[in-house]
Amino acid sequence: MFNIILFGPPGSGKGTQSEKLVEKYGLIHLSTGNLLREEIANKTPLGIEAKKFMDHGQLVPDEVVIGMVDSYFDKHKDAVGFLFDGYPRTVAQAQALDKLLTLKKTEIASVLALDVTEEELVKRLLNRGKSSGRSDDTNEEVIRKRFSVYTNETSPVADYYKKARKFKSIKGEGELDEIFASLRQAIDKAMASHHN
Ligand code: AP5
């Protein structure tokens, strides 16, 4: 299996680039944001609980998200690999992911982090909010809250993977195709040195 994490703040282009990458490499796209929004749309108990946090720009509790990821992973036993988008977002989630992957005799090959300035991120999210129907995109206060959550709770995840020498920063501003090319280059390099 070949597994990668697409990392970066809200609005950095993880979802946009994931779509292109899963098509190119045949990986399974595991976006916790998308999975949670599906639960909300289906009005499941998990979705109703998660919505309370998402509407305020806060993280959904670790145990909820970790359980959801573990069961999604198990539903795709024949996958050639996974592209994790928006997960892990806390050090506890990163540890849980390591535990899951070790159990499955695989690992994270590389963490690719999209680097974008905060002003550009706010612009992108407010713009997306005009049409996305996402309640967390329409209010600038909620967007700023998502950034502070990212700084306080998610950026330690970057240090976790830097220590493991798996972290690579990628310029996330500019043309979509240029960013896609940088990601491909990093993935091809990681694939060439990957052995399981
Ligand atoms: P999630 O759905 O993961 O949202 P996010 O991280 O806030 O990221 P976004 O989807 O907003 O941005 P993105 O980086 O995917 O960018 P995109 O490609 O869409 O999470 C939502 C909520 O769910 C969280 O706040 C939390 O409550 C909860 N949650 C999710 N995962 C969780 C977890 N693991 N633990 C706990 N809670 C969790 O692009 C953004 C916009 O920019 C688009 O309009 C796009 O068209 C545009 N764009 C993209 N690239 C470019 C470019 N190069 N130039 C110009 N515009 C661009």
Side-chain angles (χ1 to χ4, degrees), residues 5-23 29-41 46-73 82-97 100 111-158 160 170-183:
I5 294 172
L6 203 51
F7 192 78
S12 55
K14 302 183 297 292
T16 306
Q17 295 294 337
S18 289
E19 273 181 35
K20 293 157 80 74
L21 291 170
V22 294
E23 194 184 314
H29 184 198
L30 197 163
S31 155
T32 42
N34 288 352
L35 292 178
L36 290 166
R37 280 185 290 276
E38 243 173 68
E39 299 278 347
I40 292 175
L46 193 156
I48 291 164
E49 180 63 17
K51 190 173 185 323
K52 295 181 202 156
F53 295 92
M54 292 167 75
D55 280 350
H56 294 100
Q58 288 163 339
L59 293 182
V60 174
D62 282 337
E63 62 275 17
V64 174
V65 180
I66 292 167
M68 189 178 75
V69 167
D70 286 1
S71 78
Y72 191 82
F73 196 96
F82 283 81
L83 189 166
F84 295 94
D85 161 7
Y87 185 83
R89 256 174 154 95
T90 62
V91 171
Q93 291 180 15
Q95 288 166 337
L97 181 60
L100 171 73
V111 179
L112 306 173
L114 293 169
D115 196 12
V116 179
T117 60
E118 187 164 323
E119 284 328 294
E120 168 73 10
L121 295 171
V122 174
K123 226 167 43 190
R124 286 185 191 181
L125 292 177
L126 286 173
N127 192 37
R128 186 177 66 183
K130 290 178 196 157
S131 57
S132 68
R134 275 181 59 169
S135 55
D136 58 349
D137 279 352
T138 40
N139 179 333
E140 187 162 342
E141 213 174 295
V142 174
I143 292 175
R144 298 272 177 203
K145 172 70 185 169
R146 284 155 70 196
F147 293 147
S148 80
V149 166
Y150 178 80
T151 305
N152 296 330
E153 299 181 53
T154 304
S155 61
V157 175
Y160 181 89
I170 304 274
K171 184 171 165 246
E173 286 187 44
E175 294 297 319
L176 292 186
D177 284 343
E178 268 173 40
I179 300 165
F180 183 51
S182 309
L183 289 167

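Counting starts at 1 for both ligands and their atoms, following the listed order. FYI, the numbering just counts along the sequence from 1. Predicted, not measured: the structure shown is a model, and the values here were computed from it.
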Asker: With a cutoff of 4.0 Å, is Ser12 in contact with ligand 1, counting heavy atoms of the residue only?
Answerer: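 Yes, that is the case, since the closest heavy atom of the residue is under 4.0 Å from the ligand.
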
Asker: For atom 54 (N) of ligand 1, state which one of Arg124, Lys171, Glu173, Lys145 supplies the nearest heavy atom.
Answerer: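 Answer by nearest heavy atom: Arg124.
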
Asker: Touching ligand 1 at all, Pro9? Heavy atoms, strictly under 4.0 Å?
Answerer: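 Yes, Pro9 has a heavy atom closer than 4.0 Å to ligand 1.
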
Asker: Against heavy atoms of Gly15, which atoms of ligand 1 measure under 4.0 Å?
Answerer: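 Reading through ligand 1 atom by atom, the close ones are 13 (P), 15 (O), 18 (O).
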
Asker: Do the side chain of Thr138 and the main chain of Gly129 share a donor and acceptor less than 3.5 angstrom apart?
Answerer: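 Checked: no pair found.
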
Asker: Sub-3.5 Å donor-acceptor pair from the side chain of Lys14 to the main-chain atoms of Ala113, do we have one?
Answerer: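 No, Lys14 side chain to Ala113 backbone: no donor-acceptor pair under 3.5 Å.
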
Asker: In terms of residue, atom name and distance, what is the protein heavy atom nearest to atom 29 (N) of ligand 1?
Answerer: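 Residue, atom and distance for the closest contact: Leu36 CD1, 3.5 Å.
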
Asker: Under 4.0 Å, heavy-atom basis, I'd like to know which part of Ile179 is in contact with ligand 1: side chain, backbone, both or neither.
Answerer: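 For Ile179, only side-chain atoms sit under 4.0 Å from ligand 1.
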
Asker: Taking 4.0 angstrom as the limit and counting only heavy atoms of Thr16, give me the atoms of ligand 1 inside it, by number and element.
Answerer: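 Close to Thr16: 17 (P), 18 (O), 39 (O), 45 (C), 49 (C).
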
Asker: Suppose I only count heavy atoms of Gly174 and a 4.0 Å limit; which atoms of ligand 1 are within that range?
Answerer: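 Those atoms are 52 (C), 53 (N), 54 (N).
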
Asker: With a 4.0 Å heavy-atom cut-off (strictly under), which part of Val65 contacts ligand 1: side chain, backbone, both or neither?
Answerer: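 Under 4.0 Å from ligand 1, Val65 contributes side-chain atoms alone.
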
Asker: Give the atoms of ligand 1, by number and element, whose distance to some non-hydrogen atom of Gln93 is under 4.0 Å.
Answerer: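 With Gln93 as reference, the close atoms of ligand 1 come out as 33 (C), 34 (N), 35 (N), 36 (C).
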
Asker: Can you pull out the closest protein heavy atom to atom 12 (O) of ligand 1? Residue, atom name and distance to 0.1 Å, please.
Answerer: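 Answer, as residue, atom name and distance: Gly11 N, 2.9 Å.
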
Asker: Would you name the heavy atoms of Leu114 and Gly13 that are closest together and state the gap between them?
Answerer: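 Smallest heavy-atom distance, with atoms named: CD1-C, 3.6 Å.
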
Asker: Measuring only between side-chain heavy atoms, which start at C-beta, is Glu23 closer than 4.5 Å to Lys20?
Answerer: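 When only atoms from C-beta onward are counted, Lys20 and Glu23 do not touch, as no gap falls below 4.5 Å.
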
Asker: Looking only at distances, please establish whether an N/O atom of ligand 1 is found under 3.5 Å from an N/O atom of Gly13.
Answerer: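 By distance alone, the answer is yes.
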
Asker: Is it true that a side-chain atom of Glu173 and a backbone atom of Ile179 form a donor plus acceptor pair closer than 3.5 Å?
Answerer: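 Pair absent, no side-chain N/O of Glu173 close to backbone of Ile179.
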
Asker: Taking C-beta and beyond as the side chain, do Leu125 and Phe147 meet within less than 4.5 Å on heavy atoms?
Answerer: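 Side chain of Leu125 against side chain of Phe147, heavy atoms only: contact under 4.5 Å found.
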
Asker: At a 4.0 Å threshold, what atoms of ligand 1 neighbour a non-hydrogen atom of Leu125?
Answerer: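 Reading through ligand 1 atom by atom, the close ones are 11 (O).
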
Asker: At a non-hydrogen distance cut-off of under 4.0 Å, which region of Ser18 contacts ligand 1 (side chain, backbone, both, or neither)?
Answerer: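 The answer is neither.
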
Asker: So between Met68, Arg134, Glu178, whose heavy atom ends up nearest atom 10 (O) of ligand 1?
Answerer: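 Looking at heavy atoms only, Arg134 sits closest to atom 10 (O) of ligand 1.
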
Asker: Considering the heavy atoms of Arg146, write down every atom of ligand 1 situated less than 4.0 Å from one of them.
Answerer: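 So the atoms of ligand 1 that pass are 5 (P), 7 (O), 11 (O).
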
Asker: Atoms of ligand 1 less than 4.0 Å from Arg37 heavy atoms?
Answerer: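 In order of numbering, the contacting atoms are 2 (O), 21 (C).
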
Asker: I'd like to check Leu6 versus Leu183 (side-chain heavy atoms, cut-off strictly below 4.5 Å). Are they in contact?
Answerer: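 Counting from C-beta outward, Leu6 and Leu183 do come under 4.5 Å.
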
Asker: Does the distance from a Lys or Arg side-chain N to an Asp or Glu carboxylate O, for Arg144 and Glu118, drop under 4.0 Å?
Answerer: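 So Arg144 pairs with Glu118 through a salt bridge.
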
Asker: Checking a contact table here: which protein heavy atom is nearest atom 37 (N) of ligand 1, and how many Å away?
Answerer: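 Result for atom 37 (N) of ligand 1: Val60 N, 3.0 Å.
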
Asker: Please work out whether the ring planes of Phe82 and Tyr72 are parallel, tilted or perpendicular, with thresholds of 30° and 60°.
Answerer: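 Because their plane-to-plane angle is over 60°, the rings of Phe82 and Tyr72 count as perpendicular.
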
Asker: Could you check atom 8 (O) of ligand 1 against the protein and tell me its nearest heavy-atom contact, residue, atom and distance included?
Answerer: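 For atom 8 (O) of ligand 1, the nearest protein heavy atom is Lys14 NZ, 3.4 Å.
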
Asker: So which heavy atom in the protein is nearest atom 31 (N) of ligand 1, and how far is it from that ligand atom?
Answerer: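 Result: Thr32 OG1, 2.7 Å.
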
Asker: Test of understanding: given a 4.0 Å heavy-atom threshold, classify the contact between Glu175 and ligand 1 as side chain, backbone, both, or neither.
Answerer: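 Near ligand 1, Glu175 shows nothing, with every heavy atom at 4.0 Å or more.
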
Asker: Hey, is ligand 1 close enough to Gly86 that some N/O pair sits below 3.5 Å?
Answerer: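 Checking ligand 1 against Gly86, an N or O pair does fall under 3.5 Å apart.
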
Asker: For residues Met68 and Leu36, determine if any side-chain heavy atom of one lies less than 4.5 Å from a side-chain heavy atom of the other.
Answerer: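 Sidechains of Leu36 and Met68: in contact.
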
Asker: Any side-chain heavy atom of Arg37 within less than 4.5 Å of one from Arg134?
Answerer: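 Counting from C-beta outward, Arg37 and Arg134 do come under 4.5 Å.
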
Asker: Which atoms of ligand 1 sit under 4.0 Å from any heavy atom of Gln58?
Answerer: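 Atoms satisfying the 4.0 Å criterion: 26 (C), 27 (O).
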
Asker: Would you call Arg89 and Glu153 a side-chain contact if the rule is heavy atoms closer than 4.5 Å?
Answerer: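 Of all side-chain heavy-atom pairs linking Glu153 with Arg89, none is under 4.5 Å.
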
Asker: Look at atom 19 (O) of ligand 1 and say which protein heavy atom is nearest, naming residue and atom and giving the distance to 0.1 Å.
Answerer: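 Atom 19 (O) of ligand 1 sits closest to the protein heavy atom Arg128 NH1, 2.5 Å.
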
Asker: So, Arg146 and Asp137, do they make that salt bridge, N to O below 4.0 Å?
Answerer: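 Yes, this pair counts.
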
Asker: So that I can tick it off, tell me whether Glu120 and Lys123 are bridged by a salt bridge, with the cut-off set at under 4.0 angstrom between side-chain N and carboxylate O.
Answerer: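 Salt bridge present between Lys123 and Glu120.
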
Asker: Out of Arg89, Glu19, Glu153, Met54, whose heavy atom is nearest to atom 20 (O) of ligand 1?
Answerer: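 The residue whose heavy atom sits nearest atom 20 (O) of ligand 1 is Arg89.
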
Asker: Taking the side chain as C-beta and beyond, is there a heavy-atom pair between Ile5 and Tyr87 under 4.5 Å?
Answerer: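 No, every pair of side-chain atoms sits at 4.5 Å or beyond.
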
Asker: Report the part of Asp62 in contact with ligand 1, treating N, CA, C, O as backbone and CB onward as side chain, heavy atoms under 4.0 Å; options are side chain, backbone, both, neither.
Answerer: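 Neither part.
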
